[in-house]
Amino acid sequence: AAKGNGKSQYRFFHARLSERLVTRLTLQAELKRAVENRCLALYYQPRVHAGTGKLTSMEALVRWNHPERGIVPPDAFIPVAEATGLILPIGEQVIDMACRQLAEWQAAGVPVVPVSINVSPYQLEQQQVGAVLAAALQRYGIDAALLEVEVTESATVQQGTNAAGEVAAIKALGVKLYVDDFGTGYSSLSQLKRLDMDGLKVDRAFTGSLTHGASDVSLFRAIVSIGHAIGMTIVAEGVETREQLAILQELGCDEVQGYFISRPVPAADALALFGRRTLFPATPA
Ligand code: C2E
Ligand code: MG
Ligand code: MG
Ligand code: MG
């Protein structure tokens with residue numbers, strides 16, 4: 001009985017495994033075609049001044065326009081893209097689309113703010129990100145001050161690597177650099193200082209646990225104070241409630257981003273966000 005059981009278990013796992021394999025291979029093939037056919041698009045989420053709600057930057061967040069599945073979020077395909085190397089053409093398209101969008105917004109005459117682009121550790125390691133950015137800026141006649149790059153902590157760790165060189169190349173262009181998802185990795189303060197990062201985007205897990213009187217408020221306060229001490233702008237990610245915003249204002253956090261202000265929106269909808277006095281929702285009566 002035990003033997004039979006083992007055999008059927010083996011077959012069960014085998015079937016499950018090949019099912020997963022087929023799913024992954026299908027995804028890979030589809031993603032490859034999507035990249036070739038330029039089926040990727042950028043959504044934009046505003047980042048605002050914590051005190052006033054005035055727009056300071058737009059984060060570009062990639063989406064896959066899938067013929068059957070609709071809008072596919074990045075977490076569902078960036079890992080596959082990294083495993084297959086497709087992240088390199090995707091990265092180039094993202095940079096191209098962001099610069100083209102900036103040129104369009106400028107042509108529309110709205111008061112533009114920088115667009116912030118996500119670059120994964122794999123891209124920093126494998127791609128001449130600095131050169132790709134420089135070429136795109138030139139192609140669309142965009143000022144480097146209108147681009148920002150977000151890199152996760154793990155990307156910036158090793159000195160002397162291609163990643164560290166690319167970080168320096170990006171800085172040399174005059175493009176600002178932000179540490180994304182800060183607090184989830186393991187960068188030391190000396191590394192942050194050495195790499196001359198401009199700001200910290202504190203991971204939304206920290207923001208999510210902010211309530212008056214909670215010990216996490218002290219933790220966030222410490223991040224703000226240390227970040228400011230080494231000259232960095234502090235941005236809170238994932239702000240979803242008025243209470244979180246109020247606490248962040250008390251803590252002296254510089255900028256905020258999150259569903260409380262706006263979800264990521266298509267470029268056409270983002271146009272309406274420029275030049276507004278504030279993006280904070282009106283206080284309910
Ligand atoms: P991220 O850079 O940390 O981007 C923030 C993510 O949090 C976005 O998810 C955004 O929609 C979501 N978010 C914003 N505000 C809130 C909130 O108040 N509550 C909650 N629960 N979530 C919020 P999204 O667009 O699904 O992107 C996920 C991740 O995919 C990004 O995290 C980034 O690491 C990666 N990603 C996005 N676009 C690109 C890209 O063009 N290239 C690369 N390499 N990675 C990208
Ligand atoms: Mg980001
Ligand atoms: Mg983040
Ligand atoms: Mg992230």
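Heavy atoms only: backbone and side chains are in, while hydrogens, waters and symmetry mates are out. Read the numbers this way: they start at 1 and go in the same order the structure lists the ligands and their atoms.
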### Query
In terms of atom number and element, which parts of ligand 1 are under 4.0 angstrom from non-hydrogen atoms of G238?
16 (C), 17 (C), 18 (O)

### Message
Show me which atoms of ligand 1 lie under 4.0 Å from any heavy atom of Q123.
### Response
44 (N)

## Note on the structure
P74 and V62 have their tightest heavy-atom pair at CD-O, 3.2 Å

### Query
Which value, rounded to 10°, describes the OD2(D180)-the Mg ion (ligand 2)-OD1(N118) angle?
80°

### Message
Below 3.5 Å, N or O to N or O, backbone or side chain included: is there any such pair between Q257 and ligand 1?
### Response
no

### Task
Can you see which heavy atom on F220 is nearest to which on A236, and at what distance?
CZ-CB, 3.8 Å

### Task
In plain terms, say whether E104 and R100 are close enough for a salt bridge, that is, a side-chain N and a carboxylate O under 4.0 Å apart.
no

## Note on the structure
Quick note on ligand 1: atoms under 4.0 Å from a heavy atom of R63 include exactly 24 (P), 25 (O)

### Task
Verify the distance test for Y178 against the Mg ion (ligand 2): any N/O/S atom under 2.8 Å, yes or no.
no

#### Entry: Nearest non-hydrogen partners of D180 and E150, listed with the distance
OD2-OE1, 3.0 Å

## Note on the structure
One finds that the ligand 1 atoms under 4.0 Å from a non-hydrogen atom of V239 are 18 (O)

## Note on the structure
A student checking ligand 1 against S120 at a 4.0 Å heavy-atom cut-off should list atoms 44 (N)

#### Entry: Salt bridge present between E166 and K171 (N-O < 4.0 angstrom)
no

## Note on the structure
Judged by heavy atoms only, the candidate from R204, R47, K201 nearest atom 7 (O) of ligand 1 is R204

### Query
Looking at ligand 1, does E82 have a heavy atom less than 4.0 Å from it?
no

### Region of P264 engaging ligand 1 - heavy atom pairs below 4.0 Å
side chain

### Task
Tell me whether D203 has at least one N, O or S atom under 2.8 Å from the Mg ion (ligand 3).
no

### Task
Could you check which N/O/S atom of D181 is closest to the Mg ion (ligand 3)?
OD1

### Task
Below 4.0 angstrom from a heavy atom of E237, which ligand 1 atoms are there? Numbered from 1 as shown, please.
3 (O)

### Query
When you measure from atom 33 (C) of ligand 1 to each heavy atom in V119, I90, N118, T184, which option holds the nearest one?
N118

### Message
Can you classify the ring geometry of F280 versus F260 as parallel (below 30°), tilted (30 to 60°) or perpendicular (above 60°)?
### Response
tilted

## Note on the structure
Honestly, for I117 the part within reach of ligand 1 (heavy atoms, under 4.0 Å) is neither

### Query
Looking just at side-chain N and O atoms, do Y43 and D269 make a donor-acceptor pair shorter than 3.5 Å?
no

### Task
Can you sort out which atoms of ligand 1 are near V94, meaning under 4.0 Å from one of its heavy atoms?
41 (O)

### Query
Of all heavy-atom pairs between T161 and E125, which one has the smallest distance, and what is that distance?
CB-OE1, 3.9 Å

### Query
Which of the listed options, D75, L40, I78, holds the heavy atom that is closest to atom 29 (C) of ligand 1?
D75

### Query
Counting heavy atoms only, which part of T152 comes closer than 4.0 Å to ligand 1: side chain, backbone, both or neither?
neither

### Query
Strictly under 2.8 Å, is any N, O or S atom of E59 next to the Mg ion (ligand 2)?
yes

### Message
So if I count the atoms of ligand 1 from 1 in the order they appear, which ones are less than 4.0 Å from some heavy atom of E240?
### Response
17 (C), 18 (O), 19 (N), 20 (C), 21 (N)

### Message
Under a 4.0 Å threshold between the charged nitrogen and the carboxylate oxygen, would E59 count as salt-bridged to K201?
### Response
yes

### Query
By side-chain contact (heavy atoms from CB on, under 4.5 Å), which residues pair with E255, not counting sequence neighbours?
R47, T56, T233, V235

### Query
Of the non-hydrogen atoms in L210 and V217, which two are nearest, and what is the gap between them?
CD2-CA, 3.8 Å

### Query
How about E243 and T211: does a side-chain donor come under 3.5 Å of a side-chain acceptor?
no

### Message
If you consider just the N/O/S atoms, which atom of E237 is the closest one to the Mg ion (ligand 3)?
### Response
OE2

#### Entry: Heavy-atom closest pair, residues L102 and V113
CD2-O, 3.7 Å

### Task
Report yes or no: does E150 have an N/O/S atom closer than 2.8 Å to the Mg ion (ligand 2)?
yes

### Task
Examine distances only and state if a side-chain atom of D203 and a backbone atom of E237 form a donor-acceptor pair shorter than 3.5 Å.
no

